[in-house]
Amino acid sequence: MELKQVTLEEAKEGIEQNRLYFLYLYGTNCSVCHALLPQVEDVLEGFPQITREKLNVHEIPEAAGAFSVFTIPVLLLYVDGKESIREARFVNIESFHCSLNRIVTLLD
């Protein structure tokens, strides 16, 4: 399932309103971002309880400051409004999957 594109305001609302909220921060001409996105979407398929969205920091530059992002892509998972996972640039997909699994298992 493809991640929904959101604004900065929508991302902030998503963090506040969802127990589990995932945000993918990427850039327009970022080859790493575009290569990683389908892999991230595949991993998230196994976690339907996680609300998932994406935000383009090139189109919304203030988002980089709001989320303290210095490089892209960035994978963020929030649990009850608190950042629980932050992965950036070169992400190990297996490690990311294990981290998600650990958190979701603890919450069940």
Side-chain angles (χ1 to χ4, degrees):
M1 180 162 125
E2 194 172 309
L3 301 184
K4 178 185 165 212
Q5 185 73 41
V6 292
T7 65
L8 179 56
E9 292 73 29
E10 289 169 329
K12 288 179 177 178
E13 284 174 18
I15 293 166
E16 290 173 16
Q17 296 173 358
N18 294 283
R19 179 150 200 226
L20 290 165
Y21 181 80
F22 174 82
L23 185 63
Y24 186 78
L25 297 165
Y26 71 101
T28 307
N29 297 317
C30 169
S31 58
V32 175
C33 300
H34 294 290
L36 185 63
L37 182 57
Q39 298 175 57
V40 170
E41 288 172 335
D42 285 348
V43 168
L44 289 169
E45 283 296 314
F47 301 96
Q49 63 275 60
I50 299 175
T51 302
R52 66 220 45 199
E53 296 175 331
K54 64 183 176 181
L55 192 152
N56 187 326
V57 295
H58 289 156
E59 292 175 5
I60 308 172
E62 60 271 21
F67 293 105
S68 301
V69 170
F70 303 103
T71 186
I72 50 175
V74 175
L75 289 62
L76 298 171
L77 180 75
Y78 290 86
V79 179
D80 295 326
K82 293 192 174 27
E83 186 180 305
S84 296
I85 294 177
R86 176 180 287 251
E87 297 278 343
R89 195 69 183 145
F90 299 107
V91 177
N92 181 316
I93 286 294
E94 280 301 311
S95 171
F96 174 64
H97 184 267
C98 289
S99 297
L100 285 179
N101 200 41
R102 191 174 326 108
I103 288 170
V104 168
T105 303
L106 286 172
L107 293 176
D108 282 347

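Heads up: numbering here begins at 1 and tracks the sequence. Hydrogens, waters and symmetry mates play no part in the numbers below; they use all other heavy atoms, side chains included.
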Report task. Decide yes or no on side-chain contact (heavy atoms from CB on, under 4.5 Å) for Phe47 and Asn101, but give the supporting numbers first. Result -> CA-CA 8 Å; Phe47 301 96; Asn101 200 41; 3.8 Å; yes
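- In the hydrophobic clustering of ILVMFWY residues, with side-chain heavy atoms under 4.5 Å counting as a link, Phe96 and Leu107 come out together.
- A heavy-atom distance below 4.5 Å is not found between the side chains of Leu55 and Tyr24.
- Summarising the geometry of Ile85 relative to Ser99, their closest heavy-atom pair is CD1-CB, 3.6 Å, with the distance given to 0.1 Å.
- Put simply, CD on Glu87 and CG on Leu100 are 9.0 Å apart, with the number rounded to the nearest 0.5 Å.
- Note: Thr51 OG1 to Leu23 CG = 11.5 Å, rounded to the nearest 0.5 Å.
- To the nearest 0.5 Å, atom CD of residue Glu59 and atom CG of residue Leu8 are 13.0 Å apart.
- Side-chain N or O atoms of His34 include one that pairs as donor or acceptor with a backbone N or O of Thr28 at under 3.5 Å.
- If you chain together hydrophobic residues whose side chains sit under 4.5 Å apart, Ile50 and Val43 fall into the same group.
- Hydrophobic clustering (ILVMFWY, side-chain heavy atoms < 4.5 Å, transitive): Ile93 and Leu25 are in distinct clusters.
- Closest of all the heavy-atom pairs between Glu2 and Lys54 is OE2-NZ, 3.9 Å.
- Under the 4.5 Å side-chain criterion, counting only non-hydrogen atoms from C-beta, Phe22 is in contact with Leu3.
- Side-chain atoms of Glu53 and Tyr21 form a donor-acceptor pair, as typed in the model, at a separation below 3.5 Å.
- In this structure the side chain of Val91 never reaches within 4.5 angstrom of the side chain of Val40, judged on heavy atoms.
- Shown here for Gln49 and Leu20, the closest heavy-atom pair between the two residues is CG-CD1, 3.7 Å.
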Contacts table for residues 64-80: side-chain donor-acceptor under 3.5 angstrom, sequence neighbours left out:
residue: Asp80; atom: OD1; partner: Arg19; partner atom: NE; Å: 3.4

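- Here Glu94 pairs with Asn92 under the side chain to side chain contact (heavy atoms under 4.5 Å, CB included) rule; sequence neighbours left out.
- Between Gly27 and His58, the shortest heavy-atom contact is CA-ND1, 3.3 Å.
- Across all non-hydrogen atoms, the minimal contact from Glu45 to Arg52 is N-NH1, 3.8 Å.
- Once rounded to the nearest 0.5 Å, the distance linking CD1 of Ile15 with NZ of Lys12 reads 8.5 Å.
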